[in-house]
**Q** 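Mind having a look at this structure? Questions to follow.
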Amino acid sequence: QVQLVESGGGLVQPGGSLRLSCAASGSIIRIYDMGWYRQAPGKERELVASINSGGSTNYVESVKGRFTISRDNTKNTVYLQMNSLKSEDTAVYYCNADVRFRGVLSSRNFWGKGTLVTVSS
């Protein structure tokens with residue numbers, strides 16, 4: 001199977017920056033789309049940013065110009081650089097990936113356990 005492990009969350013003041021990382025491990029053959037979702041208290045989970053295997057990216061409107069998603073295919077890792085953070089960015093951030101791994105013919109979708117980002121003074 002495949003595991004996704006996020007890191008880099010924490011407490012940051014408004015206007016500050018954080019960099020999230022998500023490393024995929026397991027019997028991976030290929031990783032297709034990777035993305036970051038977030039879920040704030042009392043709200044539904046939403047897609048923040050995604051990146052396909054070719055490097056094309058997509059962002060939710062509220063983070064455009066502030067967040068940057070990237071990936072390192074040699075390390076099976078996706079990153080989310082978050083700048084100019086606002087209180088409304090406070091949420092648990094989850095990594096998501098479509099992965100083809102040994103023993104199956106098609107890709108499967110996996111989630112990390114999440115990392116908490118708190119933006120507060």
**Q** At their closest point, which heavy atom of Ser17 faces which heavy atom of Ser84, and how far apart are they?
**A** OG-N, 4.4 Å
**Q** Give the minimum heavy-atom separation between Arg30 and Ser53, together with the two atoms involved.
**A**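 Nearest heavy atoms, Arg30 then Ser53: NH2-OG, 3.5 Å.
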**Q** Before giving the answer on side-chain contact (heavy atoms from CB on, under 4.5 Å), spell out for Thr57 and Tyr59 the whole-Å C-alpha distance, their side-chain angles and the decisive distance to 0.1 Å.
**A** CA-CA 7 Å; Thr57 59; Tyr59 298 90; 3.6 Å; yes
**Q** Heavy-atom distance under 4.5 Å between the side chains of Val99 and Arg108, does that happen here?
**A**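 Heavy-atom side-chain distance check fails, nothing below 4.5 Å.
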**Q** Quick one, Thr90 and Ser120 - any side-chain contact, counting heavy atoms below 4.5 Å?
**A** no
**Q** With a 4.5 Å cut-off on side-chain heavy atoms, are Leu47 and Asn58 touching?
**A** yes
**Q** Nearest 0.5 Å please: distance from the CH2 atom of Trp36 over to the OG atom of Ser50.
**A**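 Reported to 0.5 Å precision, the distance equals 13.0 Å.
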**Q** Parallel, tilted or perpendicular for Tyr93 and Phe67, by the 30°/60° rule?
**A** tilted
**Q** Would Asp33 and Asn52 count as having a side-chain donor-acceptor pair, cut-off 3.5 Å?
**A**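 No donor-acceptor contact under 3.5 Å links the two side chains.
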**Q** Shared ILVMFWY cluster between Val2 and Tyr37, side chains joined below 4.5 angstrom?
**A**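 No, it is not one cluster - the side chains of Val2 and Tyr37 are not joined through contacts under 4.5 Å.
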**Q** Which heavy atom of Leu105 sits nearest to which heavy atom of Arg100, and what is that distance?
**A**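 What the structure gives for the nearest pair is O-NE, 3.8 Å.
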**Q** Rounded to the nearest 0.5 Å, what separation is found between the CG atom of Leu85 and the CG atom of Leu18?
**A** 5.5 Å
**Q** Is the shortest side-chain heavy-atom distance between Asp89 and Arg66 below 4.5 Å?
**A**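 Asp89 vs Arg66: side chains touch.
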**Q** How close do Ile51 and Ser70 get, heavy atom to heavy atom, and via which atoms?
**A** CD1-CA, 4.0 Å
**Q** So, does Gln39 use its side chain to make a donor-acceptor pair with the main chain of Ala91 at under 3.5 Å?
**A** no
**Q** What are the two closest heavy atoms between Gly9 and Val117, and how far apart are they?
**A**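 Between these two residues, the closest heavy atoms are CA-CG2, 4.2 Å.
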**Q** Enter the distance from Met82:CE to Ile69:CD1 here, rounded to the nearest 0.5 Å.
**A**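 Going from CE on Met82 over to CD1 on Ile69, the span is 11.5 Å.
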**Q** Please report the interatomic distance OG(Ser25) to NZ(Lys75), rounded to the nearest 0.5 Å.
**A**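 Between atom OG of Ser25 and atom NZ of Lys75 there are 15.0 Å.
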**Q** Could you see if Phe110 belongs to whatever hydrophobic cluster contains Val104? Use Ile, Leu, Val, Met, Phe, Trp, Tyr and a side-chain cutoff under 4.5 Å.
**A**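 Hydrophobic grouping puts Phe110 with Val104.
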**Q** Check Ser62 against Arg38 and note the closest heavy-atom contact, atom names and distance.
**A**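 Looks like OG-NH2, 3.4 Å.
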**Q** What is the distance from atom CE of Met34 to atom CG of Asn73, rounded to the nearest 0.5 Å?
**A**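 So the CE of Met34 and the CG of Asn73 are separated by 8.0 Å.
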**Q** As an exercise, state the distance from CG of Leu116 to CG of Leu11, rounded to the nearest 0.5 Å.
**A**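 Output value for this atom pair is 9.0 Å.
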**Q** Are any of the side-chain heavy atoms of Tyr79 and Thr68 separated by less than 4.5 Å?
**A**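 No, side chains not in contact.
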**Q** Group every Ile, Leu, Val, Met, Phe, Trp and Tyr by side-chain heavy-atom contacts under 4.5 Å, then state whether Val92 and Leu4 land in the same group.
**A** no
**Q** If hydrophobic clusters are built by linking Ile, Leu, Val, Met, Phe, Trp and Tyr wherever their side-chain heavy atoms come under 4.5 Å apart, do Phe101 and Ile31 end up in the same one?
**A** yes
**Q** Should the heavy atoms of other residues, nucleotides or ligands under 6.0 Å from CD of Glu44 be counted, would the total exceed 12?
**A** no
